[in-house]
Amino acid sequence: MERKQTEASGRGNRQRIVMCAETIRTRIAPSPTGAPHIGTAYIALFNYAFAKRHGGEFILRIEDTDQVRSTRASENDILEALEWTGLSWDEGPDKGGDHGPYRQSERLDIYRKHVDRLIASGHAYPCFCSSERLSELRNEQMAAKQEFIGYDGTCSMLDPQEARRRIEAGEPHVVRLKSPADGDCVINDRLREEIRIPWQTIDDQILMKADGFPTYHLANVVDDHLMAITHVIRGEEWISSAPKHVLLYQAFGWTPPMFVHLPLLRNPDKSKLSKRKNPTSILYYRQAGFLPEAVLNYLGLMAYSPADGQEEFTLEQMVATFDLDRVSLGGPIFDILKLRNFNGRYLRALTPEQLYERIKSWMLNDDTWQRVMPIAQPRLEQMTDLVPMSAFLFADRLAYDPELLVGTTGDGDRTARLLQTAQWEFEGLGDWTVERIKDVFMRMSETEDLKLKKLMPLFFIALAGSKVALPVFDSMVVLGKDMCLRRLQYALDSLATVDVTLKGKALKRFTKEYEGRYGRRN
RNA sequence: GCGCCCAUCGUCUAGUGGUCAGGACACCAGGUUUUCAUCCUGGUAACCGGAGUUCGAUUCUCCGUGGGCGCGCCA
């Protein structure tokens, strides 16, 4: 990386080498395994603000090392969502840059080389234990209420010659990082006192999976180093695995970056923000009519307050004064009510012309109407029918009558289960098209042994607010996946008012049942 | 179970040994507005508990308690 730069002095032509302060580089590294999470925007915002405050660079890296769950559809959504927020990255998979590629699945040779280095230096070793053995081991440890839960180090005792022979024989294996037996790992966190974690509690982490892909820990450390990341600003959920990262930097002989662990966004019940209890997809917020600048402003208020006490600020203003020392550590509850208030302020601050432009670029435009016309036309008697008929397409939460929802199946629990099943089924759907949506309902109809005609009324009400409405598959395309998932959740939540709930043990039981009939969910 | 992180109004937070503990959201009351919303004014509401340090602790230390996160061939 460029740490020196030449500079012509004003007078004369003498060139002198000046040592510049290292360029600050931060990154957001989402994993493309689902909807773009609002927490990603929150962490990205702080990374962006910090880097830009110091004239640095902000990088986007895609962490797609989970071959099973990563999808290109999710990656596209994440890029689209992040772009919508207005947090622009200097380097990334779509932009390129001097430190690419920025998609981890395209860097496999780099990880391979690095893991070989660790094996050669004795910091890592191949492990032949099967997944079955490991989960058995874990269960035993749990059952015995052992202090230590984790890998027992069996394969670290293997003779290297023997190990090589087994690898050459094609035996499947992973590579593990050797963890020290005693002492403490010291982590320097920019926001906290020294964090000390006993090495005894850290097991030999897998670095390379049997499929030849790296795990997060390896890929993340190698990339952060190679991409010259100076500050790793991430959620505090990572504190407990930080020792593994520190150990890797040591093993490679690299200087670790500065760690900055931000508090996690929470649900109203204080648990980590989850889609079950809150909308978490950035694209939902876009569809629900929030302005990105309001979302960013609100997110900026989580765990941070500017020195001047001003609550309303643009991204530029936040960047201009951002100060890590003003980050607070208590886990903030994500309060949609306050976000809504902020959004209202931003909406009202626009001129009517600006507002109209924003609303057009949101969804009140030709593109939407052209999709609506073909499905609305056959149902029109007067032109005045159009807007009332399509209103649900431009709404967020609909007014649900739980009795009506339950009435479609005649059974509360059954209703909840169907809604939940649909939610799970649609969550995993990649292409959001009429055909694929229809496939899902057909499959449900078959699995539930319920004619489509009997199955659909529930979903007409949940998604469109009425048993009689525009065709629901087409409507779902207009609404977008995240809004549809949200509506299903709203409907599910509304059932609670008639004492129908699907959570805790019942939910667990139903999850098993669902997986038995529909296959494992992601 | 073990490890770690955290702790000010219901919520987001300011505060860094001496403040009537401030602001914002929400809520309540009043005012402006043909209604509503906006806007303005006012109000209710917090330092988790116990020791210690100190002349004096919301603020520093320790111990509790509470909450959170982690303990995957997920990130």
Side-chain angles (χ1 to χ4, degrees), chain A residues 29-34 37 40 62-70 104 127-135 137-138 141-151 172-176 184-185 187 189 191-193 195-203 205-220 234-244 261-273 298-312 325-342 344-345 347-349 522:
Chain A
S31 165
T33 53
H37 201 278
T40 304
I62 295 294
E63 309 226 324
D64 56 349
T65 54
D66 183 339
Q67 284 198 84
V68 179
R69 296 198 304 153
S70 295
Q104 290 185 327
C127 166
F128 302 90
C129 295
S130 66
S131 303
E132 293 70 41
R133 176 181 184 275
L134 295 175
S135 70
L137 178 68
R138 204 164 22 239
Q141 289 168 335
M142 293 277 206
K145 303 216 161 167
Q146 281 190 19
E147 280 185 26
F148 175 82
I149 293 174
Y151 186 58
H173 65 284
V174 301
V175 178
R176 283 182 187 272
D184 286 348
C185 175
I187 297 144
D189 181 290
L191 304 177
R192 299 152 216 265
E193 307 284 302
I195 299 172
R196 309 185 80 92
I197 298 177
W199 281 118
Q200 292 173 4
T201 65
I202 311 292
D203 75 344
Q205 178 59 45
I206 292 178
L207 300 176
M208 191 71 93
K209 306 181 227 180
D211 64 2
F213 273 55
T215 57
Y216 168 84
H217 305 284
L218 202 232
N220 156 75
R234 59 186 358 174
E236 68 183 330
E237 53 190 337
W238 293 109
I239 291 179
S240 38
S241 45
K244 294 165 182 175
H261 291 102
L262 260 25
L264 257 26
L265 257 28
R266 313 279 190 93
N267 295 311
D269 68 357
K270 297 256 184 203
S271 57
K272 178 164 98 169
L273 195 67
Y298 179 68
L299 251 18
L301 250 24
M302 301 276 92
Y304 179 69
S305 64
D308 62 7
Q310 191 62 42
E311 281 203 314
E312 270 177 62
D325 288 321
R326 298 194 59 82
V327 171
S328 57
L329 297 177
I333 291 172
F334 187 85
D335 179 9
I336 299 183
L337 229 55
K338 187 161 181 174
L339 168 61
R340 202 178 286 155
N341 171 279
F342 266 73
R345 296 191 211 185
L347 243 21
R348 291 191 296 268
N522 279 331

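Every heavy atom of this structure was used, including side-chain atoms; hydrogens, water molecules and symmetry mates were not. Letters A, B, ... mirror the listed sequences (proteins, then strands); counts begin at 1.
A search for side chain to side chain donor-acceptor pair (under 3.5 Å) contacts involving A:D66 returns A:R69, not counting sequence neighbours. Residues passing the side chain to side chain donor-acceptor pair (under 3.5 Å) test with A:K338 are A:E311, sequence neighbours excluded. Under the side chain to side chain donor-acceptor pair (under 3.5 Å) criterion, A:Q141 pairs with no residue, sequence neighbours left out. Every residue two or more places apart in sequence or in another chain that forms a side chain to side chain contact (heavy atoms under 4.5 Å, CB included) with A:L347 is listed here: A:L291, A:N343, A:L350, A:L355. Legend: residues meeting side chain to side chain contact (heavy atoms under 4.5 Å, CB included) with A:P32, ordered by chain and number and at least two apart, are A:I62, A:D64, A:S70, A:S74, A:E75, A:I78.
At least one side-chain heavy atom of A:Y151 sits less than 4.5 Å from a side-chain heavy atom of A:C129.
Atom-to-atom, CZ of A:F334 to P of B:A24 comes out at 21 Å; the value is rounded to the nearest Å. Rounded to an integer number of Å, the gap from A:E63 CD to B:C74 C1' is 12 Å. B:G72 atom C1' lies 15 Å from atom CD1 of A:I202, rounded to whole Å. A:I206 has its CD1 atom 10 Å from the P atom of B:G72, to the nearest Å. In this structure, A:D325 atom CG and B:A14 atom P are separated by 12 Å, rounded to whole Å. Regarding A:Y151, its OH atom lies at a distance of 25 Å from the P atom of B:C2, rounded to whole Å.
Straight-line distance between the P atoms of B:C2 and B:U61: roughly 25 Å, to the nearest whole Å. Using C1' as the reference atom, B:C20 and B:U58 are 15 Å apart when rounded to the nearest Å. Straight-line distance between the C1' atoms of B:C5 and B:U53: roughly 26 Å, to the nearest whole Å. When the C1' atom is used for both B:C28 and B:U44, the distance is 7 Å, rounded to whole Å. To the nearest whole angstrom, the two C1' atoms, one in B:C39 and one in B:A57, are 42 Å apart. Taking the C1' atoms as reference points, B:A45 lies 14 Å from B:A24, given to the whole Å. The C1' atoms of B:U13 and B:A46 are separated by 12 Å, rounded to the nearest whole Å. Look at the P atom in both B:C9 and B:A14: the space between them is 12 Å, to the nearest Å.
Contact between the side-chain N/O atoms of A:R138 and the OP1/OP2 oxygens of B:G72 is found at a separation under 4.0 Å. Remark: A:R348 is in phosphate contact with B:C39, judged by side-chain N or O atoms under 4.0 Å from OP1 or OP2. For B:A26, the OP1/OP2 oxygens have a side-chain nitrogen or oxygen of A:N341 closer than 4.0 Å. Contact between the side-chain N/O atoms of A:K270 and the OP1/OP2 oxygens of B:G66 is not found at any separation under 4.0 Å. One finds a side-chain N or O of A:R326 lying less than 4.0 angstrom from the OP1 or OP2 phosphate oxygen of B:G15. Taking 4.0 angstrom as the limit, A:S305 places a side-chain polar atom (N or O) nearer than this to OP1 or OP2 of B:A14. OP1 or OP2 of B:C74 has at least one side-chain nitrogen or oxygen of A:K209 nearer than 4.0 Å.
Here A:T65 lies in heavy-atom contact (under 4.0 Å) with sugar-phosphate atoms only. Residue contacts for A:S328: at a heavy-atom cut-off of 4.0 Å it reaches the sugar-phosphate backbone alone, with no base atom in range. Among the atoms of the strands shown, none is found under 4.0 Å from any heavy atom of A:C185. Contact annotation for A:R340: no contact, since no heavy-atom pair falls under 4.0 Å across all strands. Backbone-only engagement by A:A303 is indicated by non-hydrogen atom pairs under 4.0 Å involving sugar-phosphate atoms exclusively.
In terms of heavy atoms, A:F334 sits closest to A:L339 at CZ-CD2, 4.0 Å.
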Each nucleotide N or O in nucleotides 42-49 of chain B that has a protein N or O under 3.5 Å away: list the pair and distance.
none

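In this model, no side-chain donor or acceptor of A:E236 finds a partner on the base of B:G68 within 3.5 Å. Remark: the A:K338 side chain and the B:A26 base include no donor-acceptor N/O pair separated by less than 3.5 Å.
The neighbour count for A:Q200 CD, taken as heavy atoms of other residues, nucleotides or ligands under 6.0 Å away, does not exceed 12.
Between A:W238 and A:H217, the ring planes lie perpendicular to each other; the angle is over 60°, past the 30° to 60° tilted range.
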